[in-house]
Chemist: 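After the structure tokens below, expect a handful of questions from me.
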Amino acid sequence: KLKWRSVLNINVGINRKNISDKHWVYFPEEKFAFYRVGFYSNFSKSLCPDGASSMYVEVSCLPDSRLPGKNQKVKKIVNELKSAGILKISDKIISECILDIPYGYVIYDKNREASLETIQKYLRKNSILSIGRYGGWKYSTMEDSILEGRDVIKWLKK
């Protein structure tokens with residue numbers, strides 16, 4: 001009964017340097033298929049060749065609609081990036097890599113709490129510790145996972 005949203009992570013290289021001075025930007029507008037765009041080359045210049053930029057575009061989707069028509073989705077995304085002012089008409093895509101992330105975000109709904117209680121009870125009964133975003137079926141950051149890992153180590157030492 002646990003539900004989730006999948007993510008298509010579209011990674012592209014652009015033939016223009018400095019396409020943005022941001023690390024990432026959120027797009028809550030319904031007119032865009034993507035919700036976040038990030039710029040790898042702003043984290044490190046070594047993440048793309050000289051004179052180029054690298055970026056990722058995240059598209060949330062239902063689990064059943066991840067891959068069908070991915071080429072059309074990329075064309076649509078590129079057009080939307082131009083509409084958003086991130087890409088210019090003269091920009092060329094020099095590399096592309098689509099990562100399919102089946103379990104991108106957990107969904108908090110009316111079934112989540114009871115389902116997790118049943119699952120966690122079973123796991124604990126079998127001496128299985130389940131942590132992290134998917135282990136706890138919760139939204140968590142890398143920092144949260146590191147802290148949970150630390151807590152497991154403390155528990156194991158006892």
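Given the structure is predicted, the values throughout are model-derived calculations rather than measurements.
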Chemist: For a side-chain contact (heavy atoms from CB on, under 4.5 Å) with Ile14, tell me which candidate from Ile94, Ile86, Leu87 qualifies.
Modeler: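 The single option meeting the side-chain contact (heavy atoms from CB on, under 4.5 Å) with Ile14 is Leu87.
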
Chemist: Would one find more than 12 heavy atoms of other residues, nucleotides or ligands at under 6.0 Å from atom NZ of Lys45?
Modeler: yes

Chemist: Is any side-chain heavy atom of Arg124 less than 4.5 Å from a side-chain heavy atom of Gln120?
Modeler: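 Side chain of Arg124 against side chain of Gln120, heavy atoms only: contact under 4.5 Å found.
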
Chemist: If hydrophobic clusters are built by linking Ile, Leu, Val, Met, Phe, Trp and Tyr wherever their side-chain heavy atoms come under 4.5 Å apart, do Val25 and Leu8 end up in the same one?
Modeler: yes

Chemist: Any chain of hydrophobic side-chain contacts (each under 4.5 Å) joining Ile101 to Val106?
Modeler: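 Yes: a chain of side-chain contacts under 4.5 Å links Ile101 to Val106.
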
Chemist: Are any non-hydrogen side-chain atoms of Asp144 and Ile131 less than 4.5 angstrom apart?
Modeler: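 With C-beta onward as the side chain, the pair stays apart.
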
Chemist: Checking Phe39 against His23 for the ring pair (Phe, Tyr, Trp, His ring centres under 6.0 Å) test, could you report, in this order, the C-alpha distance in whole Å, the side-chain angles of both residues, the deciding distance, and whether it holds?
Modeler: CA-CA 5 Å; Phe39 304 93; His23 283 98; 9.1 Å; no

Chemist: With a 4.0 Å cut-off, would you call Lys76 and Glu80 a salt bridge?
Modeler: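 Salt bridge flag = yes for Glu80 with Lys76.
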
Chemist: Given 3.5 Å as the limit, does a donor-acceptor pair link the side chain of Trp4 with the main chain of Pro102, or not?
Modeler: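 Yes, Trp4 side chain to Pro102 backbone: donor-acceptor pair under 3.5 Å.
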
Chemist: Going by the rule side chain to side chain donor-acceptor pair (under 3.5 Å), which residues pair with Tyr26 if we only count those two or more places apart in sequence or in a different chain?
Modeler: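 Tyr26 satisfies side chain to side chain donor-acceptor pair (under 3.5 Å) with Arg36 once adjacent residues are dropped.
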
Chemist: Give the C-alpha distance, both sets of side-chain angles, the deciding distance and a yes or no for side chain to side chain contact (heavy atoms under 4.5 Å, CB included) between Asp100 and Ile98.
Modeler: CA-CA 6 Å; Asp100 176 22; Ile98 299 175; 5.7 Å; no

Chemist: Can I get a per-line list of side-chain donor-acceptor pairs under 3.5 Å for residues 48-56, giving both atom names and the distance, sequence neighbours left out?
Modeler:
residue, atom, partner, partner atom, Å
Ser53, OG, Arg16, O, 2.6
Ser53, OG, Asn18, N, 3.1
Ser53, OG, Ile19, N, 3.4
Ser54, OG, Ser41, N, 3.3
Ser54, OG, Leu47, O, 3.3

Chemist: Any idea which heavy atoms bring Gly104 and Val7 closest together, and the distance?
Modeler: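 Distance-wise, the nearest heavy atoms are CA-CG2, 3.8 Å.
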
Chemist: Taking Arg133 for its side chain and Tyr139 for its backbone only, find out whether a donor-acceptor pair lies under 3.5 Å.
Modeler: no

Chemist: Answer yes or no: are there more than 12 heavy-atom neighbours, outside Glu117 itself, under 6.0 Å from its atom CD?
Modeler: no

Chemist: Would you check if the side chain of Glu96 reaches a backbone N or O of Asn11 as a donor-acceptor pair within less than 3.5 Å?
Modeler: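 No; zero donor-acceptor contacts below 3.5 Å.
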
Chemist: Evaluate the criterion side chain to side chain contact (heavy atoms under 4.5 Å, CB included) for residue pair Arg112 and Ile107; output intermediate values, then yes/no.
Modeler: CA-CA 8 Å; Arg112 181 182 168 277; Ile107 293 178; over 6 Å; no

Chemist: Kindly say whether Lys88 contributes a backbone atom to a donor-acceptor pair with the side chain of Asp91 at under 3.5 angstrom?
Modeler: yes

Chemist: So do Ile146 and Arg150 actually touch side chain to side chain, heavy atoms under 4.5 Å?
Modeler: no

Chemist: Is the backbone of Ile128 close enough, under 3.5 Å, to the side chain of Asn126 for a donor and an acceptor to pair up by distance?
Modeler: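 Answer holds: no.
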
Chemist: Would you say the side chain of Tyr108 lies within less than 4.5 Å of the side chain of Lys138, judging by non-hydrogen atoms?
Modeler: yes

Chemist: Strictly distance-based, threshold 3.5 Å: is any side-chain N or O of Trp137 a donor or acceptor partner for the main-chain N or O of Ser115?
Modeler: no

Chemist: Rounded at 0.5 Å granularity, tell me how far CD in Glu58 sits from CD1 in Ile77.
Modeler: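 These two atoms lie 11.5 Å from each other.
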
Chemist: Would a line drawn from the ring center of Tyr35 to the ring center of Phe27 be shorter than 6.0 Å?
Modeler: no

Chemist: Is the shortest heavy-atom distance from the side chain of Val37 to the side chain of Leu81 under 4.5 Å?
Modeler: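 When only atoms from C-beta onward are counted, Leu81 and Val37 do touch, with a gap below 4.5 Å.
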
Chemist: What I'd like to find out is whether the side chain of Tyr103 reaches to under 4.5 Å of the side chain of Pro63, using heavy atoms alone.
Modeler: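 Side chain of Tyr103 against side chain of Pro63, heavy atoms only: no contact under 4.5 Å found.
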
Chemist: Under a 3.5 Å distance rule, please check whether Asn15 uses its side chain to pair with a backbone N or O of Lys92 as donor and acceptor.
Modeler: yes

Chemist: Examine distances only and state if a side-chain atom of Ser44 and a backbone atom of Tyr40 form a donor-acceptor pair shorter than 3.5 Å.
Modeler: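 No; judged by distance alone, with no hydrogens or angles, the pair does not exist.
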
Chemist: What are the two closest heavy atoms between Ile93 and Val78, and how far apart are they?
Modeler: CD1-CG2, 4.1 Å

Chemist: Are Val59 and Asn9 close enough, and set up right, to give a side chain to side chain contact (heavy atoms under 4.5 Å, CB included), and what steps lead you there?
Modeler: CA-CA 7 Å; Val59 179; Asn9 182 270; over 6 Å; no

Chemist: Hey, is the main chain of Gly132 close enough, under 3.5 Å, to the side chain of Glu148 for a donor-acceptor pair?
Modeler: yes

Chemist: Would you check if the side chain of Tyr105 reaches a backbone N or O of Ser60 as a donor-acceptor pair within less than 3.5 Å?
Modeler: no

Chemist: Does Leu99 belong to the same Ile/Leu/Val/Met/Phe/Trp/Tyr cluster as Val74, with side-chain heavy atoms less than 4.5 Å apart forming each link?
Modeler: no

